[in-house]
**Student:** 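Before I ask anything, here is the structure I am working with.
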Amino acid sequence: MNNRRVRVRFAPSPTGPLHIGGVRTALFNYFFAKKHGGDFILRIEDTDQKRYVEGAEEYIIKSLKWCGLEFDESVEKGGDYAPYRQSERKEIYKQYSDKLIKSDNAYYAFDTPEELDVMRTRLQEAKSSTQQYNAITRNEMKNSLTMSAEKVKQMISAGEPFVIRFKMPENENIIVNDIIRGEITVNSNQLDDKVLFKSDGMPTYHLANIVDDYSMKISHVIRGEEWLPSLPLHVMLYNALGWNNATPQFAHLPLLLKPNGKGKLSKRDGDKMGFPVFPLEWKDPKTNEVSTGYKESGYFADGFVNMLAFLGWNPGTEQEIFSLEEMAQAFSLEKAGKSGSKFDPEKAKWFNHQYLIRKDNAELAKLFAKELSEKELNVEPSLLSKIVGLTKERVNFVSELWEQTSYFFAAPVEYEAKMVKKQWKEATPDIMQNIKKLLSQQESFDSANLETNLKKWIKEQGLGMGKVMTPLRLVLVGGGFGIHLFDIMEIIGKEETLRRIETGIETIKK
RNA sequence: GGCCCGUUCGUCUAGGGGUUAGGACGCCAGAUUUUCAUUCUGGUAACACGGGUUCGAUUCCCGUACGGGCUACCA
């Protein structure tokens, strides 16, 4: 019965930077659309003027772009169902709230915030299980159900502030369906008369969301679990508006949780534990506080997205490295998990490593070159590619490349004390002197050639590999680290190799 | 408090009425290596608890505990 075109939307509020939970929701929507050859829509839900944050909308768009997600319809791109910003669709909502009032599914309410407070504290003190504006309490409040039609009309025309509330029926079992969780039954007595239209002339999320999903022909609503409690209301709104046949299917995604401890992932956790919670860097326009993003922390977009998708979803195979396209093809909501996932920063790093070692050397070299130029170092691109290729397995991020490669660009000025103490024996200077001589006689200074000749010499001299190679490494790189030593010699070249040995012999004195 | 959702190694997860409960991250050990790292091999470690149903339950049902969400003229 659901043969209609798949159309899904990601509908964030521009109340701040998009956090990775939101990115994941967008991702799943995108996968679902791609998998079914449908449309992926961005709708900005800016019905709350008070919480609107400057720059947030641009941030959201930029972030998703960085992740590689492209919308078929959006505020930027437009589309057949424009506008895609709720603040620009204001007029549309009014007619539907009017329709609900006419059909006796909604009513006007004039209660002030203070009056609502009074009601709630009264109910609380009476130990009522709920403190809601509902089928029972509405009879004692100021609304169009308790006042005469005339009085209501008069108040409205007098400019009295009012809201429009949904008239939740009493004691009705509402059965809704969720793709991930199955059938859920809720009694309407648990639900309240939600405000549909605010006194500022804007609809609330509930009304705007339903109206827009309906008018934009959304087929599947894939959103966070925090919306599950309002699903019955939403389904009832579809029914009340006579849109039963167009009700989308719903899937509520489990939340992303803190790495340790309790609760959902928040900005604070990232600050405290040193990992980003935002895709891109965000500067709070009010406080000027800057929060770092995955991009700025050196994560690759494709790896980031891969990591995120595997939080709460799994294709059921043992493959873990997936491109965006592959994930879209493998995606299904049935494979999505039901329970919240704790975010693991370690695994995020591992994903980045996996992506880094798969990247093209030239591409990595380009990124690394940027960092080097900040140090006023200019390295020939093909040489840098080579260095990066030999080193990339050892790092998780491009930013870690420098500490693993600095010896290529500058001779050591200091020697690791521990190594000196342990490896620099009395006979070592002589051995180094001999090696220097041997190396200076080499015609070809390529790694393989050096390796065979030097190893041969060591054998002839009856010396152990460790006795020779470790001090040699010490003079060449300054410590007990770095890649294959012969590769290092080849790259820095004969002259530099000899010079470093000489300096080492002179400098390292016990 | 009320309502709703959830619970497989420390973490992300696969699985599913009869399995040696699988993989990945992390951790540990061994191998390789001139160092460190990588890599490889191996190891550690889980079905929250209590009742049912059943020949048999980690898997199905109920309860409890725990975790999470919602409970605004916020989304």
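Chain A is the first sequence line, chain B the second, and so forth, proteins listed ahead of strands; every chain is numbered from 1. These values consider heavy atoms only, across backbone and side chains, with no hydrogens, waters or symmetry-generated copies. It should be emphasised that the depicted structure is a prediction, and the values quoted were computed from it without experimental measurement.
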**Student:** Walk along nucleotides 70-75 of chain B from 5' to 3' and tag each nucleotide B, S or - by protein heavy-atom contact under 4.0 Å, base first, then sugar-phosphate.
**Tutor:** S--BBB
**Student:** Apply side chain to side chain donor-acceptor pair (under 3.5 Å) to Arg120(A) and Gln124(A), showing your working.
**Tutor:** CA-CA 6 Å; Arg120(A) 287 184 186 120; Gln124(A) 198 154 29; over 6 Å; no
**Student:** Taking ring pair (Phe, Tyr, Trp, His ring centres under 6.0 Å) as the criterion, tell me which of Phe310(A), Phe31(A), Phe322(A) meets it with Phe331(A).
**Tutor:** Phe31(A)
**Student:** Calculate the interatomic distance between Leu265(A) atom CG and G68(B) atom C1'; express it in whole Å.
**Tutor:** 14 Å
**Student:** Can you tell me if CZ on Arg122(A) sees more than 12 non-hydrogen neighbours from other groups inside 6.0 Å?
**Tutor:** yes
**Student:** Could you run down the sub-3.5 Å N/O contacts of the protein with nucleotides 6-15 of chain B?
**Tutor:**
residue, atom, partner, partner atom, Å
C12(B), OP1, Lys342(A), N, 2.9
C12(B), O2', Phe310(A), O, 3.0
U13(B), OP1, Gly312(A), N, 2.6
U13(B), OP1, Ser341(A), OG, 2.4
U13(B), O2', Asn314(A), ND2, 2.7
G15(B), OP1, Lys335(A), NZ, 2.7

**Student:** N/O contacts under 3.5 Å, protein versus nucleotides 28-34 of chain B?
**Tutor:**
residue, atom, partner, partner atom, Å
U34(B), O2', Thr470(A), OG1, 3.4
U34(B), O2, Arg473(A), NE, 3.3
U34(B), O2, Arg473(A), NH2, 3.2
U34(B), N3, Arg473(A), NH2, 3.4
U34(B), O4, His484(A), ND1, 2.5
U34(B), O4, His484(A), NE2, 3.4
U34(B), O4, Leu485(A), N, 3.3

**Student:** Between U54(B) and U58(B), how far is it from one P atom to the other, in whole Å?
**Tutor:** 16 Å
**Student:** Across all strands shown, which nucleotide pairs with A24(B) by Watson-Crick or G-U wobble geometry, both distances under 3.5 Å?
**Tutor:** U11(B)
**Student:** Rounded off to whole Å, could you give me the CE-to-P distance for the Met168(A) and C3(B) pair?
**Tutor:** 16 Å
**Student:** In whole angstrom, give me the gap between the P atoms of U59(B) and A21(B).
**Tutor:** 15 Å
**Student:** Which nucleotide in the set U38(B), G2(B), G23(B) lies at the smallest distance from any side-chain heavy atom of His353(A)?
**Tutor:** U38(B)
**Student:** Taking the C1' atom in each of C66(B) and C47(B), what is the distance between them to the nearest angstrom?
**Tutor:** 16 Å
**Student:** Rounding to an integer number of Å, can you tell me how far Glu334(A) CD sits from G16(B) P?
**Tutor:** 14 Å
**Student:** Specify the separation, in whole Å, of atom CD of Gln190(A) and atom C1' of G1(B).
**Tutor:** 12 Å
**Student:** Step by step, would you call Asn173(A) with Thr185(A) a side chain to side chain donor-acceptor pair (under 3.5 Å)?
**Tutor:** CA-CA 7 Å; Asn173(A) 277 334; Thr185(A) 309; over 6 Å; no
**Student:** Tell which nucleotide pairs with C60(B), taking only Watson-Crick or G-U wobble pairs whose two distances are both under 3.5 angstrom.
**Tutor:** G52(B)
**Student:** Distance check, P atoms only: C62(B) and U19(B), in whole angstrom units.
**Tutor:** 25 Å
**Student:** In the structure shown, which nucleotide is the Watson-Crick or G-U wobble counterpart of C40(B), with both distances under 3.5 Å?
**Tutor:** G30(B)
**Student:** Could you pull out the protein-nucleic contacts involving nucleotides 42-50 of chain B (nitrogen or oxygen on both sides, under 3.5 Å)?
**Tutor:**
none

**Student:** Step by step, would you call Asp212(A) with Tyr93(A) a side chain to side chain donor-acceptor pair (under 3.5 Å)?
**Tutor:** CA-CA 9 Å; Asp212(A) 286 346; Tyr93(A) 310 114; 2.6 Å; yes
**Student:** May I ask you to check whether over 12 heavy atoms, not counting those of Glu140(A), lie within 6.0 Å of atom CD?
**Tutor:** yes
**Student:** Taking CG from Leu255(A) and C1' from G69(B), how many angstroms apart are they, rounded to a whole number?
**Tutor:** 7 Å
**Student:** With sequence neighbours excluded, give me every side chain to side chain donor-acceptor pair (under 3.5 Å) pair touching residues 193-204 of chain A.
**Tutor:** Tyr107(A)-Asp193(A), Arg138(A)-Asp193(A), Asp192(A)-Lys194(A)
**Student:** Given that both distances must come in under 3.5 Å, which nucleotide forms a Watson-Crick or G-U wobble pair with C3(B)?
**Tutor:** G69(B)
**Student:** Between Phe409(A) and Trp402(A), what is the ring plane arrangement, given parallel below 30°, perpendicular above 60°, and tilted in between?
**Tutor:** parallel
**Student:** C1' atom, G22(B) versus C74(B): distance in rounded Å?
**Tutor:** 44 Å
**Student:** In whole angstrom, give the distance that lies between atom CD of Glu346(A) and atom P of C25(B).
**Tutor:** 12 Å
**Student:** Suppose we define a pair by two distances each less than 3.5 Å, Watson-Crick or G-U wobble; what does U35(B) pair with here?
**Tutor:** none
**Student:** Determine the minimum heavy-atom distance between Arg43(A) and Pro12(A), stating which atoms define it.
**Tutor:** O-CD, 3.3 Å
**Student:** I need the single residue from Phe304(A), Phe278(A), Phe275(A) that forms a ring pair (Phe, Tyr, Trp, His ring centres under 6.0 Å) with Tyr294(A). Which is it?
**Tutor:** Phe304(A)
**Student:** So with a 6.0 Å cut-off around NZ of Lys386(A), is the heavy-atom count from everything else above 12?
**Tutor:** no
**Student:** With sequence neighbours excluded, give me every side chain to side chain donor-acceptor pair (under 3.5 Å) pair touching residues 459-468 of chain A.
**Tutor:** none
**Student:** With rounding to the nearest 0.5 angstrom, report the CZ to OG distance, Phe481(A) to Ser406(A).
**Tutor:** 6.0 Å
**Student:** Taking atom C1' in both U13(B) and G6(B), what distance in whole Å separates the two?
**Tutor:** 16 Å
**Student:** Rounding to an integer number of angstrom, what distance separates G2(B) and U8(B) when you compare their C1' atoms?
**Tutor:** 31 Å
**Student:** In whole angstroms, how far is the P atom of U35(B) from the CE atom of Met419(A)?
**Tutor:** 10 Å
**Student:** Which class fits the ring pair His206(A) and Trp227(A): parallel under 30°, tilted 30 to 60°, perpendicular over 60°?
**Tutor:** perpendicular
**Student:** According to the interplanar angle, ranging from 0 to 90°, do the rings of Tyr205(A) and His234(A) count as parallel (below 30°), tilted (30 to 60°) or perpendicular (above 60°)?
**Tutor:** tilted
**Student:** Quick one: Phe351(A) CZ to G26(B) P, roughly how many Å, whole number?
**Tutor:** 11 Å
